[in-house]
Protein chains: 2
Amino acid sequence: MNIAPLLNSISKYISLTDKEIEYLESKVFVRKYLKGQYIVQQGDVCKYECYVLSGCTKTFYIDKEGQEHIIMFSIEDWWTSDMGSFISQTPADFNVQCLENSELIMISYDVVEDLYREIPQLERFFRKIVERAFVASQKRIVRNFSLTAKEQYLYFREQYPLIEQRIPQYMIASYLGITKEFLSKIKSQLILEQ
Amino acid sequence: MNIAPLLNSISKYISLTDKEIEYLESKVFVRKYLKGQYIVQQGDVCKYECYVLSGCTKTFYIDKEGQEHIIMFSIEDWWTSDMGSFISQTPADFNVQCLENSELIMISYDVVEDLYREIPQLERFFRKIVERAFVASQKRIVRNFSLTAKEQYLYFREQYPLIEQRIPQYMIASYLGITKEFLSKIKSQLILEQ
DNA sequence: AAATGATGTTAAACTAGTTTAACATCTCTT
DNA sequence: AAGAGATGTTAAACTAGTTTAACATCATTT
């Protein structure tokens, strides 16, 4: 089982003993998903926090008009789940679906308390991970408030060049909160400008 | 020094020994601000995480056109700061200003590591606080995506009735991401409807 | 190579929310 | 009680982004 990328990621914030690494390894598992498969479904209780080893996922919800809205993408070395559902074990607001064949490290709700008890430092690691996620989320709200759709697209392209290449345009439009037609218009404007 | 409300809030997630409470008490302090005073200023490094004992604050930023955008309000029993600035000790994106005379418990960046070392459980407490803040922030993004301005206003009114009464309408408009003129229009529509 | 389904483009008509500007009301200070 | 400053309202002209609908392109399957 190859959890090395996760251990490497953890080691940026805390250092674990060999025993702790062994314990962590014994409590998590790796799971493969095919393109199109769901990791979390809206309405189900989210049982896992997932670390992406390879592949790509989208987190989205379907609104009352049946429209899909993409909240985030996750690629290698990112975390994904429906945190609201996970922490309170209530029905998920979001779906998480694989956009490519993917390999994830799964941390179950059933073991996460054991992990925190045996490896108290993990509490710190996840605190820091969530702090960063919160800051990123606030910054996204700021961008929504003060940037035009075109500016938001340029920001996305600059910030996540790797993601843009792997994902169809209409999903990027959904992530930006605009229609695919309008994104298409923005792109043709940008081509004319340069 | 009255930190009882904070201790009460902490006790919902973890339990502290008398010694730990004493240590916590020795490391934090209470500070009073007058209406209009700034707790954090855009561009400065945010030195504190603040727990609101009494009063009310707004967190906002000024965009490149000089427009103010309100990110959040904080009242009794809420936390406030510029977390992005605090965790990485870099210049703040946000201002935090008091809308009423306020009393805050201040936790300095200089002592927060001591606190985590002496009271490891606090790591858990803050992890949970930030998890909730992150979930709330994601839900706000969802509302921005799928609700009209009127629906967002109704949600705000239902969710934070206490805040609405304490704050001028134009700040609520700013929080919702709309102009004060349009909020005024929404309100007159709502009056006609009922 | 034809057919199918998924993705992307273009353009016209439309709408939610903005801008501008004038005016109304309220509260605090003197 | 008069004036000033902050807050709130109304309405007309405007614009960023949506909707609808038709068509273009590309990859995959048969």
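Below, read A as the first sequence line, B as the second, and so on, with proteins coming before strands; counting in each chain starts at 1. Any value given below was found using the heavy atoms of this structure, including those in side chains, with hydrogens, waters and symmetry copies removed.
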Do NZ/NE/NH1/NH2 and the carboxylate oxygens of B/Lys187 and B/Glu164 come within less than 4.0 Å?
-> no
Distance in angstrom units between A/Phe145 CZ and D/dA16 C1', rounded = 17 Å
Under a 4.0 Å heavy-atom cut-off, which of residues 168-186 of chain B touch DNA chain C?
-> B/Gly177, B/Ile178, B/Thr179, B/Glu181, B/Phe182
Rounding to 0.5 Å, atoms CG (B/Asp110) and NZ (B/Lys47) come to a distance of 3.5 Å
Return the value, rounded to whole Å, for the distance between atom CG of B/Leu190 and atom P of D/dT9.
-> 12 Å
Let me know which of A/Phe126, A/Phe94, A/Tyr109 forms a ring pair (Phe, Tyr, Trp, His ring centres under 6.0 Å) with A/Phe86.
-> A/Tyr109
Could you check how far OH of B/Tyr153 sits from C1' of C/dA16, rounded to whole Å?
-> 18 Å
Considering only heavy atoms, which members of residues 59-66 of chain A lie under 4.0 Å from some atom of DNA chain D?
-> none
Side chains of B/Leu53 and B/Ile105 in contact at under 4.5 Å (non-hydrogen atoms) = yes
Value in whole Å for how far the C1' atom of D/dT9 lies from NZ of B/Lys187 | 10 Å
Go through the steps for B/Arg127 and B/Glu131 under the test salt bridge (Lys or Arg N to Asp or Glu O under 4.0 Å), then give the verdict.
-> CA-CA 6 Å; B/Arg127 172 175 62 79; B/Glu131 278 174 354; 2.9 Å; yes
Roughly how far apart are B/Gln138 CD and A/Met72 CE, rounded to 0.5 Å?
-> 7.0 Å
So is B/Arg143 actually on top of B/Phe156's ring, under 6.0 Å and inside 45° of the axis?
-> no
Here the distance between atom P of C/dA6 and atom CD of A/Glu68, to the nearest Å, is 13 Å
Nearest-0.5 Å distance, CD of residue A/Glu123 to CZ of residue B/Phe125 = 12.5 Å
Keeping the roles fixed (side chain from A/Ser102, backbone from A/Cys56), state whether a donor-acceptor pair exists under 3.5 Å.
-> yes
Atom-pair distance (CD on B/Gln152; C1' on C/dA16), nearest Å | 12 Å
Starting at atom CD of B/Glu151, determine the distance to atom C1' of C/dG17, rounded to an integer number of angstrom.
-> 14 Å
Interatomic distance where CD belongs to B/Gln67 and C1' belongs to C/dT20 [whole Å] = 13 Å
